[in-house]
There are 4 protein chains.
Amino acid sequence: MYLLCKPNERSIGLRGRMDNLTEKKKAIFESTLELVKVNGFHGTPMSQIAKNAGVAAGTIYHYFESKDALIMELYGYILNQRMAALLTADNEQMEFKERFLNFWISYCNFYIQHPKALFFIEQFVNSPYGTRDPVNETERFQNEFKDFVISGIETGILKPIDGYLLGPLIHGSIVTTAKIHLCRKIELTTNELRQVAEVIWDGIKISS
Amino acid sequence: MYLLCKPNERSIGLRGRMDNLTEKKKAIFESTLELVKVNGFHGTPMSQIAKNAGVAAGTIYHYFESKDALIMELYGYILNQRMAALLTADNEQMEFKERFLNFWISYCNFYIQHPKALFFIEQFVNSPYGTRDPVNETERFQNEFKDFVISGIETGILKPIDGYLLGPLIHGSIVTTAKIHLCRKIELTTNELRQVAEVIWDGIKISS
Amino acid sequence: MYLLCKPNERSIGLRGRMDNLTEKKKAIFESTLELVKVNGFHGTPMSQIAKNAGVAAGTIYHYFESKDALIMELYGYILNQRMAALLTADNEQMEFKERFLNFWISYCNFYIQHPKALFFIEQFVNSPYGTRDPVNETERFQNEFKDFVISGIETGILKPIDGYLLGPLIHGSIVTTAKIHLCRKIELTTNELRQVAEVIWDGIKISS
Amino acid sequence: MYLLCKPNERSIGLRGRMDNLTEKKKAIFESTLELVKVNGFHGTPMSQIAKNAGVAAGTIYHYFESKDALIMELYGYILNQRMAALLTADNEQMEFKERFLNFWISYCNFYIQHPKALFFIEQFVNSPYGTRDPVNETERFQNEFKDFVISGIETGILKPIDGYLLGPLIHGSIVTTAKIHLCRKIELTTNELRQVAEVIWDGIKISS
DNA sequence: AATGAATGAGGTTTCATTCAT
DNA sequence: CATGAATGAAACCTCATTCAT
């Protein structure tokens, strides 16, 4: 069993695989990501995205129908990257608790290593764009995570909490922790991340 | 001891007291809040704010220097409202765990009862505005919350986690839960809110 | 009986009376009319219309929703002017043939005296805008003209031709004649206009 | 005597013979014709013309110097087609009136059978392109038609009207009638077309 | 204090045209 | 010959802000 669904099984809703991205499309994505982190969606004109990507303004419109479409596709692009990172880190052989902690830490590390992705996602889901997301961010997480959690509940390891609640709660803890690491001076070591993960674990596991 | 600081003690950084708000200023605030929830900052022009508030476009500029200033002041206005709600709910006489649960639930209820405030805050802190916030949102929470948490750690009730981490984690859990209630079909009763709060509690308390 | 309908009876479809036009709206209309004659719809950017009208580019958008809306309203504005001119010239007391000739000549004179209006109308009806005209130009003419023509047919003065055909045919002759006067060196005197009108008359009357 | 000039005698001004048109050039012409009818000159980008013609955007520029050149050449192409149709229909052996009626009806039928050509021509002559037409449309008609009309006047059959006026008037009646057939519900039979032509004839002939 | 017409900088987007392949 | 990605000037339009009333 995969902790996360395999891409070809449930990747419905992820627009565009990242494999066959042209160099130019990727440059536009990265340029946007960079600028949005600093200036936000509104503060980032297409002209600046173009210049920063090293292409002409009009070129963007060969690859994306509009600024909105660019933002939406970029969101899918980032989710794909995130899923790839998590699939790599996951290990079905691990014992449940260890697998959970490993998952939590990998997830958090992805955001720590891709701060622009984190800030983009957070801006996205908390803006009107978020409501247009075909599969909502938190719901998506919950989908990915559901099977794993359900098996935990069924085997009596986890508290019987509604999956619609448990997924987002865990995701929230990951995002919050990554943000603290990125915004504050506290630099969290992998060991400290593990401690935070264990706090969450203590919260959701059934106390023996 | 106050769980939250008393307004007149630490309200530095909150621009504008809410007591002597003119009717018109309040109307502008509420109009903005309403529109930003649906359309976001960018999608909400001043003209629309004005119309929705029943005033002329120019009038807004008697009360606020600019659109940015309006947004920033509105942020302070909302934080004041939130603080007032929490001060009312808090009860110094309660036993520690109960006081924590009560606090968590009250906080969550504030967001549930003021969805526009929740979405405004979340948009605000995840946008470039957020970085201009003199006292950052999560930090603010942590400030408000610090004394209470510290006493919990000192008396051996809570795990010795860095307050810079614990505050945001708890706040994150509250926000996430409120969002789920507001966005999803699951309607959480006070009882269910309590269960979520207890999950958090189980995470942060020292297991006996 | 009016040769043309009285404005308040059948003016449905005429968007906006011209009476209460602000000075600025009128300036925008006249500016557009002037520029469209020389450069066509496509060759006339809003910026030029604005400059030529002595207003800022944005000002146009207080009065018109879009460039298309401006063109459509301008069309209505011109039709109103034309109708006013024809109502003034018409005289119910005249004998049928004389009234027809008088009408034909007045109509032609309107175009000769308002060449910008003529070229605007001709461009309009022969462009995709034309199909959006709620009441088509030729149909409109036919409506205006119908009662008069019908009475001519009923009293045995005119050939029994379908009104859908007769109206446009006459209108076409008027437009063509006005264009020749405006584009070519032949300057047609009122007397010569009358001769052309009589050719048309000879065509449609029942030969005794 | 030809009613219309023979192509090789007076076809000066018609850019591009239609005989040796490559398949590709013809495809571009037809594609343009089709799109301009629906969207107008402005609403028809080169990219769309290319796609609709089944060629690449750049390919058009092997055949035409610019969009303007394409439009201008297409105009000549259509006029050639029209002339060919009229030459086929004309019959020098006919008696004058019959020949006129035959001509009028053939002309009208060409437009009815080639609605895209009609709308293109009408758009063309009523746009800034029209003024660039080396031989103006109405003037061209008058040239084609002149000899025939002059002989009619000289033999006392037609009223002595200036040819600059008579030609356009007749052409206007043809265009108007064809448009009514195409745009309105009245479907005119050949017989009815003949009736309209006779109205025109009654107008221009000398009444006995 | 209140208005809202007017401004114009600057945003998004289109599209005729070019050119390396 | 043919392609179509790339260009960038210029179009349309928005909207924060001002100011005469």
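Sequence lines set the chain letters: A, B, ... in the order given, protein chains first and strands last, and positions in each chain run from 1.
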Does a nitrogen or oxygen in the side chain of Tyr61(C) sit under 4.0 Å from OP1 or OP2 of dA6(E)?
no
Of all the nucleotides listed (dA5(E), dT7(E), dT3(F)), which has the minimum atom distance to the side chain of Val55(D)?
dT3(F)
Can you tell me the Watson-Crick or wobble partner of dA20(F), both distances under 3.5 angstrom?
dT3(E)
Nearest 0.5 Å, please: how far is CD in Glu34(B) from CG in Asn52(B)?
5.0 Å
In whole Å, what is the span from the CG atom of Asn39(B) to the P atom of dT14(F)?
14 Å
For Lys25(A) and dA5(F), give me the distance from atom NZ to atom P, rounded to whole Å.
12 Å
Could you state the atom-to-atom distance from CD1 of Ile71(D) to P of dT17(E) in whole Å?
11 Å
Any side-chain N or O of Ser47(D) under 4.0 Å from OP1/OP2 of dC15(E)?
no
To the nearest angstrom, the CG-C1' distance between Leu70(B) and dT17(F) comes to 14 Å
First encountered from the 5' end of DNA chain E, between Met46(A) and Thr59(B):
Thr59(B)
Ignoring hydrogens and angles, answer whether the base of dA2(E) and the side-chain atoms of His62(B) contain a donor-acceptor pair closer than 3.5 Å.
yes
Within the distance-only criterion (no hydrogens, no angle test), does the side chain of Ser31(C) pair as donor or acceptor with the backbone N or O of Ala27(C) below 3.5 angstrom?
no
Heavy atoms only, 4.0 Å cut-off, all strands: where does Tyr63(D) land among base, sugar-phosphate and nothing?
sugar-phosphate
Please give me the minimum heavy-atom distance between Ser66(C) and Tyr61(C), naming the atom from each residue.
CA-CE2, 4.0 Å
Earlier contact from the 5' end, DNA chain E, for Gly58(A) and Gly54(C):
Gly54(C)
Atom-to-atom span, CD of Gln48(A) to C1' of dG11(E) - whole angstrom:
12 Å
Can you see if the side chain of Lys24(C) gets near the phosphate of dA5(E) - specifically, an N or O under 4.0 Å from OP1 or OP2?
no
To the nearest angstrom, how far is Lys67(A) atom NZ from dG10(E) atom P?
15 Å
The Watson-Crick or G-U wobble partner of dA11(F), with both key distances under 3.5 Å, is dT12(E)
Among pairs that include at least one residue of residues 27-59 of chain D, which meet ring-ring contact (aromatic ring centres under 6.0 Å, His included), considering only residues two or more places apart or in two chains?
His42(C)-His42(D), Phe29(D)-Phe64(D), Phe29(D)-Tyr77(D), Phe41(D)-Phe120(D), Phe41(D)-Tyr129(D)
Note, Tyr63(C) side chain near Thr22(C) side chain (heavy atom, < 4.5 Å):
yes
Could you pull out the closest heavy-atom pair between Leu182(B) and Pro115(B), with the gap in Å?
CD1-CB, 3.8 Å
Hey, which of these two, His42(B) or Ala56(A), hits DNA chain F nearer its 5' end, going by closest nucleotide?
Ala56(A)
On DNA chain F, nearest-nucleotide positions of Asp68(B) versus Ile60(A): which is more 5'?
Ile60(A)
Let me know the distance between NZ of Lys51(A) and C1' of dA6(F), rounded to the nearest Å.
18 Å
With a 4.0 Å cutoff (strictly under), does any side-chain N or O of Ser66(D) reach OP1 or OP2 of dA16(E)?
no
Please report, rounded to the nearest Å, how far the P atom of dA2(E) is from the CD atom of Glu23(B).
12 Å
